[in-house]
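Everything on this sheet refers to the single structure shown next.
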Amino acid sequence: MSITNDIESVLVSEEELRKKVRELAAQLARDYEGKNPFFVGVLKGCFVFMADIMRDIDFYCDIDFMAVSSYGDQTTSTGAVKITKDLNRDIEGRHVVIIEDILDSGRTLSYLKKYLMNRKPASIRICTLLDKPSRRKAEIEAEYVGFSIEDAFVVGYGLDYAERYRNLPFIGILKPEYCKQTSED
Ligand code: IMP
Ligand code: MG
């Protein structure tokens, strides 16, 4: 049975994603072409977005990945995250662009940005496909945003619920019976 049956509604269709990814790539080209930027994807959620946007980019750049996981209780105010995979190359003096699937409370990216700042890059900006500004807990904004969305839990195009649905080609909202949200946050 198709996993699409678990979806209540499509929030962003494949066509809308394609168009928006091209627009974001054009913005990045305008700002970074000739600057040899260093793109950092945050695993695992970024993998589909990153693969698509990188193929719309036609200039020299580095591509690398980091993986992070929250330290136990996600509601702690420190928002400390554990780095489970770090970069393989030095970013000192480089223009870094973090590529994320979604900016929610902002704790992950706020931590990651400070963490990478210590390595003295020339600059750091954030490119996120989705943004939920109403959920923000940490003081952080993305310079490049695909879609600003309401507070709904979404899956697909890299985003998961309990590690499922990352492989859906669109972004959708799950039927309530498939997503038993915890009271977290
Ligand atoms: P933040 O630290 O709260 O901004 O967390 C961002 C991370 O939470 C993202 O990288 C996702 O892994 C996860 N996340 C937040 N909202 C959603 C959602 O609606 N669907 C799937 N994952 C989400
Ligand atoms: Mg996740």
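Each ligand, and each atom within it, is numbered from 1 in the order the structure gives. As the structure is a prediction and not an experimental result, all values here were calculated from the model.
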Inset, instruction - Out of Cys46, Ser69, Gly45, Ser105, indicate the one that has the non-hydrogen atom closest to atom 3 (O) of ligand 1. - result: Ser105
Inset, instruction - Return a yes/no value for Val154: is any of its N or O atoms, backbone included, closer than 3.5 angstrom to an N or O of ligand 1? - result: yes
Inset, instruction - Would you please determine whether Val155 falls within less than 4.0 Å of ligand 1 on a heavy-atom basis? - result: no
Inset, instruction - Closest by any non-hydrogen atom to atom 4 (O) of ligand 1: pick that one out of Cys179, Gly106, Ser110. - result: Gly106
Inset, instruction - May I have all residue pairs that pass side chain to side chain donor-acceptor pair (under 3.5 Å) and include part of residues 146-159, sequence neighbours excluded? - result: Asp52-Tyr157
Inset, instruction - Give a yes-or-no answer on whether the side chains of Tyr115 and Asp86 include a donor-acceptor pair shorter than 3.5 Å. - result: yes
Legend entry - Region of Lys137 that comes within reach of ligand 1 [heavy atoms, distance under 4.0 Å]: neither
Inset, instruction - Report the part of Arg135 (side chain from C-beta onward, or backbone N, CA, C, O) that has a heavy atom under 4.0 Å from ligand 1; answer both or neither where that applies. - result: neither
Inset, instruction - Between Ala152 and ligand 1, find which residue part has any heavy-atom pair under 4.0 Å and reply side chain, backbone, both or neither. - result: backbone
Inset, instruction - Output the list of atoms in ligand 1 that are nearer than 4.0 Å to some heavy atom of Glu100, sorted by atom number. - result: 10 (O)
Inset, instruction - Inspect the contact between Arg30 and Glu33 and indicate whether a charged nitrogen and a carboxylate oxygen are less than 4.0 angstrom apart. - result: no
Inset, instruction - Determine, considering heavy atoms only, which of Asp104, Ile102, Val68 sits nearest to atom 13 (C) of ligand 1. - result: Ile102
Only pairs under 3.5 Å count here: list side-chain donor-acceptor contacts from residues 58-66, not counting sequence neighbours, and write none if there are none.
| unit_1 | atom_1 | unit_2 | atom_2 | d |
| --- | --- | --- | --- | --- |
| Asp62 | OD1 | Arg94 | NH2 | 3.2 |
| Asp62 | OD2 | Arg89 | NE | 2.8 |
| Asp64 | OD2 | Asn88 | N | 2.8 |

Legend entry - Parallel, tilted or perpendicular, as decided by the 30° and 60° cut-offs, for the rings of Phe153 and Tyr161: perpendicular
Legend entry - With Leu103, the side chain to side chain contact (heavy atoms under 4.5 Å, CB included) member among Lys132, Arg135, Arg136: Arg136
Inset, instruction - Output yes when Asp90 and Lys120 qualify as a salt bridge under the 4.0 Å nitrogen-oxygen rule, no when they do not. - result: no
